[in-house]
There are 4 protein chains.
Amino acid sequence: MTISVAVSGASGYAGGEVLRLLAGHPDVTIGAITAHSNAGSRLGELQPHLHGLANRILEDTSVENLAGHDVVFLALPHGASAEIAAQLPEGTLVIDAGADHRLEDPAAWEKFYGSDHAGTWPYGLPELPGQREALKGAKRIAVPGCYPTSALLALTPGYANQLLQPDDVVIVSASGTSGAGKAAKVNLIGSEVMGSMSPYGVGGGHRHTPEIEQGLSNAAGEKVTVSFTPTLAPMSRGILSTATAKAKPGVTAAELRSAWAEAYDDEPFVHLLPEGQWPATKSVQGSNHAVMQLAFDEHSGRVIVTCAIDNLTKGTAGGAVQSMNIALGLDESAGLNVQGVAP
Amino acid sequence: MTISVAVSGASGYAGGEVLRLLAGHPDVTIGAITAHSNAGSRLGELQPHLHGLANRILEDTSVENLAGHDVVFLALPHGASAEIAAQLPEGTLVIDAGADHRLEDPAAWEKFYGSDHAGTWPYGLPELPGQREALKGAKRIAVPGCYPTSALLALTPGYANQLLQPDDVVIVSASGTSGAGKAAKVNLIGSEVMGSMSPYGVGGGHRHTPEIEQGLSNAAGEKVTVSFTPTLAPMSRGILSTATAKAKPGVTAAELRSAWAEAYDDEPFVHLLPEGQWPATKSVQGSNHAVMQLAFDEHSGRVIVTCAIDNLTKGTAGGAVQSMNIALGLDESAGLNVQGVAP
Amino acid sequence: MTISVAVSGASGYAGGEVLRLLAGHPDVTIGAITAHSNAGSRLGELQPHLHGLANRILEDTSVENLAGHDVVFLALPHGASAEIAAQLPEGTLVIDAGADHRLEDPAAWEKFYGSDHAGTWPYGLPELPGQREALKGAKRIAVPGCYPTSALLALTPGYANQLLQPDDVVIVSASGTSGAGKAAKVNLIGSEVMGSMSPYGVGGGHRHTPEIEQGLSNAAGEKVTVSFTPTLAPMSRGILSTATAKAKPGVTAAELRSAWAEAYDDEPFVHLLPEGQWPATKSVQGSNHAVMQLAFDEHSGRVIVTCAIDNLTKGTAGGAVQSMNIALGLDESAGLNVQGVAP
Amino acid sequence: MTISVAVSGASGYAGGEVLRLLAGHPDVTIGAITAHSNAGSRLGELQPHLHGLANRILEDTSVENLAGHDVVFLALPHGASAEIAAQLPEGTLVIDAGADHRLEDPAAWEKFYGSDHAGTWPYGLPELPGQREALKGAKRIAVPGCYPTSALLALTPGYANQLLQPDDVVIVSASGTSGAGKAAKVNLIGSEVMGSMSPYGVGGGHRHTPEIEQGLSNAAGEKVTVSFTPTLAPMSRGILSTATAKAKPGVTAAELRSAWAEAYDDEPFVHLLPEGQWPATKSVQGSNHAVMQLAFDEHSGRVIVTCAIDNLTKGTAGGAVQSMNIALGLDESAGLNVQGVAP
């Protein structure tokens, strides 16, 4: 069986990463590759690392060019994906790597994105409780945001097992610059970012905050409140999230460890590291893995989980392909890099 | 007036930075430059950036070589500085860039450092309330740790003004690799650290935790509890600390802003940035400045202060020279870089 | 058919990269994984990016542990590989990623390595003229050095076609720090290498110089003399070589371009880029590709070829696996990453 | 005596670096600070590292705003500086950090810059033979290009002493990204440049080529031909040039070493390193120094000089301030950083 796939937004980082993975997927044929202002260009000019697709020509991102494939990946700015998605056939598997269909609460959408809510799709993070089942046979999938992927993987076992207090989560994340997109902005040029760490969107304003709260609240069965601070780190790829919450009274270190171990021991891509080993973004570079370590600071009463992912792979394109595999009943790991690229 | 100064630990990063600053200090003559295993070497081999001192020969770190100067800087491993310091004349100004004399509580020292407490010296962070006065005329000064410098500058105005709750501080810091010293360790080699973020000492185990709690508790007049997570970032220099605490009930954003503004408006080296501008470690590279921004996330009830310093300058050698200047009645800024080196 | 493979030197960068590629090779079963001082450790501690092999235990590097496999990869210090290789069965395919069997001239070996010459094996760079044929069925393969790989790919078409003068080749290469190995040395720590470019082995002393001369001389049919300067660049992976030689009188830009195009147009992994596009090491990161661009500076009479490879992939482990595939009659690209990992 | 200085192009990297140095210059008062599209902004927004000048407002770059100062620094695009310079009073010291007045040959200017030649000014590289004298009392100074600074310092002693052959110079340089300016271009964003080396302007097309040839030819007294290849390295600052030329017949290593030593032994900012020590760009970061090492490869007959500078300091703003100091009869080192900022 060969599945035909179209990829939009192919000149950006998310679209490029989707193509990188699909090019190695045994069950897939890459059909239309589309872009907006770069339509007509050779892919090799824009994504010179995609040697196997270098001579493909980018088509215009339009319903006409995307429809007619079994699967369509949307790696478009928010707003744009909802508009296109609404016009694609119901039988097509549409996977939105953008934000448009992640949030369940229209009010949260309007507050953070300032437009009408496009509706909620099944959430492409199969390691969340019940989520793998929910993705089977789905025809619409919302790929989680990169920060939410790391934060939800880090804390969900604690909330799903009623081990953490809901009212005081603090998450500080460091992201590689590819998270800010392939955008010609002075604050993103190498001379500015190399050797520098800086925060942005501090104080609850980052759009991934409601998405993190939604996921943790769903796991806890009660409203979880999050303080989230993203920072930009001098590296191209990777997210390291430090996620902390207060343990409920009486919870022990052993209970915590066993909850996380149980959640992830059978997962192919999410791992609680052996004690004494810390996660490093480099160890997941280019791979679909998430690695994490857990500590219980009895002095402050806080559980601290540090979790590393590659923002473009597990945090975007890898999660998208993994979800596609589940939706279509393929091997969940097909086309996904098992080993990271290090050093 | 020319002050004679000796610098020990001159082959390491802290000692090198002390020398860099002293070499440009108008009131100082650099006397003995000492090291341990590198004694006998030309400084230019070990610190090739110190062009003005390239032909100086490192002497052995001994009381004999250090005594007889007006000022002695100790940039030595903990334990070693206390031992030397105890033998230096009372009239000599001894400035310890190590940890031995920072903590007030012998029990905390023993818990985190595992040895006998060497006693407490005046704390070289003049921007803390009352601290500038305490340093005038001092003959012994404990230079704060690099993480505590950033964390205390970030949160002290809130505690000194009774605006923050004492029981739930969360601090996540990213440090450049020079904070880990000039040590031949595989986990510190460039191939490992470039492109990677990783945590360490998670769960309350980092030795700077009691030092941060001590400073905040002193400001608050009550015990403050801190969860502190350090991470290593792919850059040579700089610390970005994200420090958060819950606001006390009824506190407003305006009160918060004015407390921080009041604390730092007259400071030469510590700055609350204009609203809308975020701190970046690169903007303080090589300088003695700390820059910070404040946000009040009413949703989570948390105040978030992000603060950037250069770990080797304001975080170590710059703070040391600034404290020396105050102790000796010199211009507080003498020898200190006012401009950072960017990009 | 499943081929059993043993990998020695598995705790280092070259060995780790061999394992990364073999773990994705469809025709291979990874048998013994061996190391020297790290024998007994879990691979996941030493190579945390090799998630698929994390629980494998490193065995001691010995003939006993390596023999009995169809293929043995040696990623050992020079001297060590020759010693082991001499004891492995003749029928085993032995692939030496080290230097011991690359040079043809015993005198050159002795001059640059200071020991007895171990003999010459077929050279694992199949894109050189006639070399693919020479590797078919081979039982011993010497993997080229990383710098020679880039330099020989860059200039061989010119020499094989008698377009370049033999007496004045100048090559300047910039390598990522992984080329210096996973060694705990102060000059390799991140604090030293980030933000810094520096040369080493200048003046003809680098051991790869005779290997480059050997390859170019073989192509030219006369003695080619090379001035080679390696430099260390602040990145983990990648080599960019700038290789220049004087064109022979009367040679035209068109002749040059067509010689390179003809040499590589049918190659799966070596590419002359379209005019106007420059090679970048990032575009080949983690892949087995070499990309290059050619310029003819008529003013100076020099042909300049800039060539980018990943030093660990095409420059070491990828070239090794590609050669194994040819030797064993497998698909030449099996197990090799076609797409690079970027950004 | 206080000298009033105006700085144009203050929002860019070159202008920012001029300001950084002038802010620490004991004899200077900084007058107008001007920009083009950023006129009206606070300097602290655009150059957040210039803490001492943060509240200065950028004025428009115009003759009116620049005239009336003792010294005017022009850090403007080529073409723009010549236009402004032509309207400034003859008695004003005008220092052009741009290219407009560097070349002596109008034909070379027209070929490489495509416009009318604006004339030739004294060349601000005082370490060239006779050049320090030529700068004394000058009212117009052309600051050398960053690549030419490194290349001319590297090879001039050989040509001035008739030790090198004129017809086959090869120079390969690696520059930090600040050399490409503070420009919002996709190919310069951090995600693209981190972890990557790439060439540009290969084949003789870079505009610094005729400037290098001019300097070497002047030293040699005959026409010197250069092949120059610039590459972009993943660091913000610094140039490492590898410059090679054939030694004339009979020249010995000792003669070479003594020519370089003699040329630079009395120079405050240019140094031939002790044998065995290699230059590193980090050791000159933020300082006005150039460090170099010399090797004679008898096998290839080539002299190889590797030279490291900070492209923004010695390569632009430091050289400019040093030249100003000479022109005005000030201490040549006034305001110039003697120590580099490392690690």
Side-chain angles (χ1 to χ4, degrees), chain B residues 11-17 20 35-38 41 45-50 146 174-200 231-239 281-282 285-286 310-313 315-316 340-343, chain C residues 11-17 20 35-38 41 45-50 146 174-200 231-239 281-282 285-286 310-313 315-316 340-343:
Chain B
S11 55
Y13 288 142
E17 186 77 349
R20 182 176 76 87
H36 183 62
S37 57
N38 289 304
S41 299
E45 281 170 41
L46 296 160
Q47 306 278 18
H49 62 298
L50 299 178
C146 51
S175 173
T177 53
S178 60
K182 201 175 184 172
K185 295 178 182 170
V186 165
N187 68 313
L188 294 180
I189 65 175
S191 304
E192 299 291 312
V193 300
M194 287 186 282
S196 202
M197 292 281 312
S198 60
Y200 65 101
T231 67
L232 209 60
M235 59 190 189
S236 293
R237 285 173 170 246
I239 287 178
T281 60
K282 201 160 202 175
Q285 185 169 262
D310 185 317
N311 60 309
L312 290 178
T313 322
T316 306
V341 178
Chain C
S11 55
Y13 289 142
E17 186 77 350
R20 181 175 78 86
H36 183 61
S37 57
N38 289 303
S41 299
E45 281 171 40
L46 296 160
Q47 306 278 19
H49 62 297
L50 299 177
C146 50
S175 172
T177 53
S178 60
K182 202 176 185 173
K185 294 180 183 169
V186 165
N187 68 313
L188 293 179
I189 65 175
S191 304
E192 299 292 312
V193 300
M194 287 187 281
S196 203
M197 293 281 312
S198 59
Y200 65 101
T231 67
L232 209 62
M235 57 190 192
S236 293
R237 284 173 173 248
I239 285 178
T281 60
K282 201 161 203 172
Q285 185 170 260
D310 185 319
N311 60 309
L312 291 177
T313 321
T316 306
V341 178

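Labels below follow one simple rule: chain letters A, B, ... track the order of the sequence lines, proteins then strands, and each chain is numbered from 1. The figures that follow rest on heavy atoms only: side chains count, while hydrogens, waters and symmetry mates do not.
- Under the 3.5 Å distance criterion, with hydrogens and angles disregarded, a donor-acceptor pair is assigned to the side chains of T177(B) and S191(C).
- With respect to chain B, the highest number of heavy-atom pairs below 4.5 Å among G176(C), G181(C), P234(C) belongs to P234(C).
- Note that CE of M194(C) is 7.0 Å distant from CE of M194(B), once rounded to the nearest 0.5 Å.
- A search for side-chain contact (heavy atoms from CB on, under 4.5 Å) contacts involving A342(C) returns H49(A), K282(C), not counting sequence neighbours.
- Chain C forms more heavy-atom pairs under 4.5 Å with one residue of S236(B), S178(B), A180(B) than with any other, namely S236(B).
- Interface remark: A183(C) contributes backbone atoms only to the contact with chain B (heavy atom separation under 4.5 Å).
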request  = Could you walk me through whether K182(C) and V186(B) pass side-chain contact (heavy atoms from CB on, under 4.5 Å), step by step?
outcome  = CA-CA 7 Å; K182(C) 202 176 185 173; V186(B) 165; 4.0 Å; yes
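- Each of A184(B), G179(B), G195(B) has some count of heavy-atom pairs under 4.5 Å with chain C, and the biggest count is that of A184(B).
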